[in-house]
Amino acid sequence: MKNEINCKLAVFLLITAVSYSQTIHIDNTAPRLDNTGKIVDAHDGRIIQFGDTFYWYGTSYGTTNGFTTKNHYRCYSSKDLTNWKYEGKLLENQPEGVYYRPHVIYNKKTKKYILWYNWYPKLWNGQFGVAVSDTPQGPFKIVNQNAQMHYSEIGLGDFGLFVDDDGTGYISYNTIQNHQVSVEKLKADYLSSTLENGGVIAEHMEAGTMFKRDNKYYLLTDYTCCFCNYGSGARVYISDHPLKGYEFTTNINRYPGRYSPILKDTEKRGTLYETLSKKESGFDTIEILFDTKENIDQINLHIFTGNRPENCGDVNNPRVHPHILTPEFEIFEWKYNEWKKIDSKSSEITKTALNELVQIKFKQTVSDRFKIKPKAASYPYDDLYINEVETILSGEIISMDNTVLYITGHKIPEKPMIPAQQAYVMKLNTIEGEKFTWIGDLWGSASDNIKGHDYQYWSAPLEFNQDGTIKSMKWADQWYVELKK
């Protein structure tokens, strides 16, 4: 009888969970359409849930280049992030100027929806405007065309809004001069700033967005992009305080260097190798990225020895070939926001035909990111050829199936993983708790070359490490999530 009751209870809980969830399907391969069949023209804004409805606020560019006074703000609504209804313009009879970055938040105390926006009466005289509405879809009434900020004197550019758990509002913004990023506290009605600013966090950045997870505050921003087709990065700053103390951790939308499948293709000999070049800053390095944290205590390097100088014509040289020289290596692990050197216990070198095997042993270390760096002073040649990299634990080779390797260096570009300019990080209330989705505008993606038809990329929910840092993103054509109803 007890087992029967437990079984019925489990079935009831399962049915209840299913009935109070909603499967959401996100497709990044096609333009999103509204209820009239038109492509959604809403960019560089936000998607936020009010009640049971998602509202998509963005700038409409139409057929313009984005730098004209024809820009205006639009709102779309949806129950499922797939079917969108066009709600209309946010600002009627807007003053003449160039408009960007609309963000709407809700004030529980005043029961008003607050729109902040970045506009330019004349490019590039940047300032912030504020408008209010009784409904999330507007229209909004302008209450302040020039909200004064701590750094208003040097011009105001891109920004993001964030409301903390206690209802306090914050704005993260960059200036026009030097694109300095900082966070500022809003007044209780969200209609203006308190001018309480936490200080400059970074320079030459734009498109900042904030969110909170497990009592940590996240600010994502990156270098100026300005409608770039190749996309911006997403530098992650984390703090225990919403205004200040932000510490750079990593860039989740930048490949650290040149992708290298050669280093794990099991070809350990011959001329299929990666070249590590010596520059003024030292040798290029190899980075190993695991999907999850791995425990290793040894790294094996298979080295091609064909970079030695020849002695053609030197008939008095008694050597058949110059000596095979082997560099020393340093091993590093990524610790929150910096590389930390791992003390090597020993290195063993085995030389065979056309190949060297270097076994570097160290204390057991748990990380999802390692770096291998040749010591320039220990090696006279300008290039070092690496055939293969192996990671070891207690003498057993660890599978490299969940591993990506890169060649990194001062002159090796770090390209965006997602060719999009950051717009916002959207919070989703799922059956597994709060999830966060990175949103970016894929400028130049429209097949008809109309700016207003450019796609947006919505990432699969961001993944977090144990220390709170965010894992690098990966392109996903489609993904699913279960939302709470």
Side-chain angles (χ1 to χ4, degrees), residues 249-250 252 255-270 272-276 282-305 324-376 378-379 384-409 463-472 474:
T249 56
T250 190
I252 61 172
Y255 294 112
R258 186 177 71 246
Y259 173 57
S260 177
I262 291 176
L263 293 177
K264 64 168 193 173
D265 63 359
T266 71
E267 293 289 338
K268 300 176 183 179
R269 293 178 177 82
L272 197 61
Y273 51 73
E274 283 285 5
T275 302
L276 303 186
F283 267 103
D284 294 336
T285 62
I286 299 171
E287 286 195 26
I288 308 172
L289 276 68
F290 291 97
D291 276 351
T292 58
K293 289 185 181 294
E294 293 285 350
N295 187 3
I296 67 174
D297 59 14
Q298 182 177 323
I299 290 177
N300 289 351
L301 299 175
H302 295 266
I303 303 175
F304 177 67
T305 60
I324 297 174
L325 301 177
T326 308
E328 298 176 8
F329 292 90
E330 295 177 307
I331 308 297
F332 299 84
E333 62 169 322
W334 183 255
K335 296 290 286 186
Y336 189 71
N337 65 343
E338 63 181 353
W339 288 107
K340 182 180 179 182
K341 184 179 176 182
I342 302 173
D343 292 330
S344 300
K345 289 183 177 179
S346 63
S347 293
E348 297 179 12
I349 302 171
T350 304
K351 300 180 181 182
T352 61
L354 298 179
N355 175 269
E356 282 184 281
L357 170 61
V358 180
Q359 299 171 293
I360 309 165
K361 300 179 180 180
F362 44 87
K363 65 178 181 180
Q364 287 191 11
T365 303
V366 179
S367 182
D368 60 352
R369 190 175 175 187
F370 294 87
K371 181 168 72 172
I372 307 163
K373 183 177 182 179
K375 296 176 72 172
S378 68
Y379 198 63
L384 177 65
Y385 304 146
I386 308 293
N387 287 115
E388 193 78 6
V389 175
E390 296 171 326
T391 53
I392 315 290
L393 176 63
S394 301
E396 297 291 329
I397 297 176
I398 298 173
S399 170
M400 303 292 270
D401 291 343
N402 69 332
T403 308
V404 182
L405 294 98
Y406 296 93
I407 305 301
T408 64
E463 297 182 21
F464 294 80
N465 296 308
Q466 243 181 351
D467 59 8
T469 55
I470 308 177
K471 295 183 179 181
S472 293
K474 297 177 181 177

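Heavy atoms only: backbone and side chains are in, while hydrogens, waters and symmetry mates are out.
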Is there side-chain contact between [X] and [Y], with heavy atoms separated by less than 4.5 Å?
X: Phe329; Y: Leu384; answer: yes
X: Asp343; Y: Lys363; answer: no
X: Trp334; Y: Trp339; answer: yes
X: Lys471; Y: Thr292; answer: yes

Once rounded to the nearest 0.5 Å, what's the spacing between atom [atom1] of [X] and atom [atom2] of [Y]?
X: Ile470; Y: Asp467; atom1: CD1; atom2: CG; result: 10.5 Å
X: Glu274; Y: Ile386; atom1: CD; atom2: CD1; result: 9.5 Å
X: Leu276; Y: Leu301; atom1: CG; atom2: CG; result: 9.0 Å
X: Leu263; Y: Glu287; atom1: CG; atom2: CD; result: 12.5 Å
X: Thr275; Y: Asp284; atom1: OG1; atom2: CG; result: 9.0 Å
X: Ser472; Y: Arg369; atom1: OG; atom2: CZ; result: 7.0 Å

Measure across [X] and [Y] and return the closest heavy-atom pair with its distance rounded to 0.1 Å.
X: Lys351; Y: Ile324; value: NZ-O, 3.1 Å
X: Thr391; Y: Ile288; value: CG2-CD1, 4.0 Å
X: Val389; Y: Met400; value: O-CE, 3.7 Å
X: Ser260; Y: Ile407; value: CB-CG1, 4.1 Å
X: Ser378; Y: Pro327; value: OG-CA, 3.6 Å
X: Val358; Y: Ile303; value: CG2-CD1, 3.7 Å

Original post:
Do Thr365 and Glu333 have a side chain donor and acceptor closer than 3.5 Å?
Top reply: no
- Query: So, Glu267 versus His302: side-chain donor-acceptor pair below 3.5 Å or not?
  - Reply: no
From the list Lys373, Lys371, Lys341, Lys375, side chain to side chain donor-acceptor pair (under 3.5 Å) partner of Glu330 resolves to Lys341
With no hydrogens and no angle check, is any side-chain donor or acceptor of Asn355 less than 3.5 Å from a backbone partner on Lys268?
-> yes
Checklist entry - Are the side chain of Asn387 and the backbone N or O of Leu272 linked by a donor-acceptor pair below 3.5 Å? => result yes
Greater than 12 external heavy atoms within 6.0 Å of Lys474's NZ:
no
Heavy atoms of other groups near Lys335 NZ, more than 12 under 6.0 Å:
no
For Tyr273, the ring-ring contact (aromatic ring centres under 6.0 Å, His included) test, sequence neighbours excluded, returns Phe304, Tyr385
Across all chains, not counting sequence neighbours, the ring-ring contact (aromatic ring centres under 6.0 Å, His included) partners of Tyr259 are none
| Derivation and outcome, side chain to side chain contact (heavy atoms under 4.5 Å, CB included), residues Thr352 and Arg269 | CA-CA 10 Å; Thr352 61; Arg269 293 178 177 82; 4.1 Å; yes
